[in-house]
K.L.:
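Quick one: this structure, given as structure tokens, is what I'll be asking you about.
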Amino acid sequence: MKSDSFIQFVRECEESYKQFLNISNFPKYELVSKEITVEKSEKCGFDSWATAFYDIPTGKHRLEVWSGIHTFGEDGKYIIFHELTHILDDENIVQRDKIKYLANHGFTEYHASQIELMQMLGAKNVRQQITFSMNDSIKTVGGEKSVKEFVDMPRLLAIELISRKDFPADIETMKVTMGLIFNYYGRRSICKMFAHDYQDNEDNSIIAKLIYPQTVELLDKFMVSWFDDSKVTFINSLYQRMLPSLCVKYNLK
């Protein structure tokens, strides 16, 4: 059951999001409250405060959000910004196409992570030219972290999942792991563009074992900016080949 505070918080985030992107309209979506499941988190190594779902045949959107999200206040805003970006990308790019939905997963995770970090860094809008340090503190639902710590979070979780003996437990785990890799590249891109002290020296050898060194090298060079339509098309074409090949490699159905 959704409380008034819960609904108000999400709707206020939506209005802020529209202002942030300078858009006047946003796709309609069903808002559903959910509880975080400790069991799923322990079994799979992940769970999320909010998740956007897209029904391909109907083109309808659903946003499931933790029922207590409003208790985070401003510190939880970036979570909603992230998921609203998925909704907007599905609406604008996927357009009820099953193949495009599969292909767009990498880009939308990259894009949503760009948007969330810009919001967390205090940008007034998505196109603002900001400057920051990797040592600056930002507020997350898990407490204050340095920008560097926040950028590293999805990369380190992806490495943790890949390193598990049972990896990949199922297709969902593989998809989440790929999403985390693109989350990392989204956050990294903001640092590449705007941090005055970013050092690109992370050890991604374990990720390279999964998606191959040449792919990591390509992503390192390509995933460094805001994407126009041609770049979205390119990365979607790449991702459309990557995920199915990994599913074949690990016999995932």
Side-chain angles (χ1 to χ4, degrees), residues 2 6-21 23-37 40-41 44 46-70 72 75-120 126 140-141 153-154 157-158 170-187 226-227 232 235-236 239-240 243:
K2 300 188 288 287
F6 169 86
I7 296 171
Q8 182 180 356
F9 176 79
V10 176
R11 296 308 182 197
E12 287 177 353
C13 286
E14 180 187 331
E15 288 304 311
S16 296
Y17 183 84
K18 289 193 292 185
Q19 293 176 16
F20 196 71
L21 266 64
I23 57 177
S24 55
N25 297 307
F26 192 82
K28 292 182 179 180
Y29 59 91
E30 178 188 7
L31 178 60
V32 180
S33 63
K34 70 167 185 174
E35 301 306 319
I36 298 297
T37 58
K40 180 180 177 182
S41 181
C44 303
F46 58 85
D47 203 348
S48 55
W49 298 107
T51 309
F53 295 93
Y54 182 65
D55 185 65
I56 297 169
T58 64
K60 291 183 178 180
H61 306 275
R62 185 173 85 256
L63 178 61
E64 292 188 1
V65 184
W66 176 52
S67 61
I69 191 73
H70 55 284
F72 289 138
D75 295 352
K77 205 170 182 179
Y78 72 94
I79 294 171
I80 304 300
F81 270 43
H82 185 108
E83 299 305 325
L84 293 179
T85 304
H86 289 326
I87 291 176
L88 195 62
D89 286 343
D90 285 339
E91 183 77 10
N92 293 335
I93 299 171
V94 177
Q95 298 179 336
R96 299 170 65 175
D97 186 304
K98 185 177 181 179
I99 302 301
K100 288 182 179 179
Y101 181 74
L102 165 67
N104 194 57
H105 180 233
F107 166 70
T108 193
E109 291 296 350
Y110 171 80
H111 188 206
S113 293
Q114 288 182 308
I115 298 294
E116 74 177 1
L117 184 52
M118 287 290 286
Q119 187 275 328
M120 297 173 81
V126 75
T140 78
V141 296
M153 284 171 62
L157 181 52
D170 48 34
I171 287 179
E172 184 184 8
T173 303
M174 178 64 78
K175 187 176 179 182
V176 167
T177 303
M178 293 297 290
L180 288 166
I181 293 170
F182 280 86
N183 286 157
Y184 161 67
Y185 276 107
R187 294 177 185 181
W226 298 110
F227 278 12
V232 172
I235 207 64
N236 283 7
Y239 191 88
Q240 188 176 341
L243 188 61

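Positions are given from 1, in the same order as the sequence printed here. These figures come from a predicted structure and were not determined experimentally.
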K.L.:
So, taking the atom named CG in N104 and the one named CG in N92, what distance separates them when rounded to the nearest 0.5 Å?
P.N.:
10.0 Å
K.L.:
Going through the distances and angles, do H105 and Y239 end up as a ring pair (Phe, Tyr, Trp, His ring centres under 6.0 Å)?
P.N.:
CA-CA 8 Å; H105 180 233; Y239 191 88; 5.4 Å; yes
K.L.:
About how many Å separate CD of Q119 and OG of S16, when rounded to the nearest 0.5 Å?
P.N.:
8.0 Å
K.L.:
Give me the atom names and distance for the closest heavy-atom approach of F26 to L84.
P.N.:
CZ-O, 3.4 Å
K.L.:
Write down the atom of I69, the atom of G76, and the distance for their closest heavy-atom approach.
P.N.:
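Residues I69 and G76, closest heavy atoms: CD1-O, 4.5 Å.
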K.L.:
Does D75 reach the main-chain N or O of V141 with its side chain, forming a donor-acceptor pair under 3.5 Å?
P.N.:
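A pair under 3.5 Å: no.
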K.L.:
Only one of W66, F6, Y78, F9 clears ring pair (Phe, Tyr, Trp, His ring centres under 6.0 Å) with F72; which?
P.N.:
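Running ring pair (Phe, Tyr, Trp, His ring centres under 6.0 Å) over W66, F6, Y78, F9 with F72 returns exactly one hit, W66.
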K.L.:
Return the CD to NE2 distance between E91 and H61, rounded to the nearest 0.5 Å.
P.N.:
4.0 Å
K.L.:
Should I115 and L21 be marked as a side-chain contact (heavy atoms from CB on, under 4.5 Å) after you check the CA-CA gap, both sets of side-chain angles, and the distance that decides it?
P.N.:
CA-CA 9 Å; I115 298 294; L21 266 64; 4.1 Å; yes
K.L.:
Going by the side-chain hydrogen bond (donor to acceptor under 3.5 Å, both in side chains) test, name the single residue among T85, D89, N236 that passes it with T108.
P.N.:
D89
K.L.:
Could you check F182 against Y110 for ring pair (Phe, Tyr, Trp, His ring centres under 6.0 Å), going step by step and ending with a plain yes or no?
P.N.:
CA-CA 5 Å; F182 280 86; Y110 171 80; 7.5 Å; no
K.L.:
Going from NZ on K175 to CD on E109, what distance comes out if it is rounded to the nearest 0.5 angstrom?
P.N.:
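One gets 8.5 Å once the value is rounded to the nearest 0.5 Å.
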K.L.:
Does one side chain, of H70 or Q8, offer a donor that lies under 3.5 Å from an acceptor on the other?
P.N.:
no
K.L.:
Does the pair M118 and F20 meet the rule for a side-chain contact (heavy atoms from CB on, under 4.5 Å), with working shown?
P.N.:
CA-CA 10 Å; M118 287 290 286; F20 196 71; 3.8 Å; yes
K.L.:
Which pair of heavy atoms, one from K100 and one from D97, lies closest together, and at what distance?
P.N.:
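Heavy atoms of K100 and D97 come nearest at N-OD1, 3.0 Å.
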K.L.:
Could you tell me whether the side chain of E83 and the main chain of A52 form a donor-acceptor pair under 3.5 Å?
P.N.:
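Flag set: sc E83 to bb A52 pair under 3.5 Å.
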K.L.:
So that I can tick it off, tell me whether R187 and E116 are bridged by a salt bridge, with the cut-off set at under 4.0 angstrom between side-chain N and carboxylate O.
P.N.:
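Yes, E116 and R187 are salt-bridged.
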K.L.:
Within the 4.5 Å heavy-atom criterion, are T51 and K34 side-chain neighbours or not?
P.N.:
yes
K.L.:
Does Q114 form a side-chain contact (heavy atoms from CB on, under 4.5 Å) with V126? I'd like the steps, not just the answer.
P.N.:
CA-CA 9 Å; Q114 288 182 308; V126 75; over 6 Å; no
K.L.:
Do NZ/NE/NH1/NH2 and the carboxylate oxygens of R11 and E14 come within less than 4.0 Å?
P.N.:
yes
K.L.:
Does E64 reach the side chain of F53, with side-chain heavy atoms less than 4.5 Å apart?
P.N.:
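Result yes, sub-4.5 Å side-chain heavy-atom pair found.
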K.L.:
For the CG atom of L117 and the CG atom of N183, what is their distance to the nearest 0.5 Å?
P.N.:
11.5 Å
K.L.:
Do V10 and Y29 have side-chain heavy atoms sitting under 4.5 Å apart?
P.N.:
yes
K.L.:
Going through the checks in order, is the side-chain contact (heavy atoms from CB on, under 4.5 Å) test met by Y54 and R96?
P.N.:
CA-CA 9 Å; Y54 182 65; R96 299 170 65 175; 3.4 Å; yes
K.L.:
Could you tell me if the side chain of D55 sits less than 4.5 Å from the side chain of R62, heavy atoms only?
P.N.:
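The answer is no; the side chains never approach within 4.5 Å.
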K.L.:
Mind listing the closest non-hydrogen atom pair of I36 and S48 along with its distance?
P.N.:
CD1-O, 3.0 Å
K.L.:
To the nearest 0.5 Å, tell me how far S113 OG sits from H82 NE2.
P.N.:
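Those atoms lie 5.0 Å apart.
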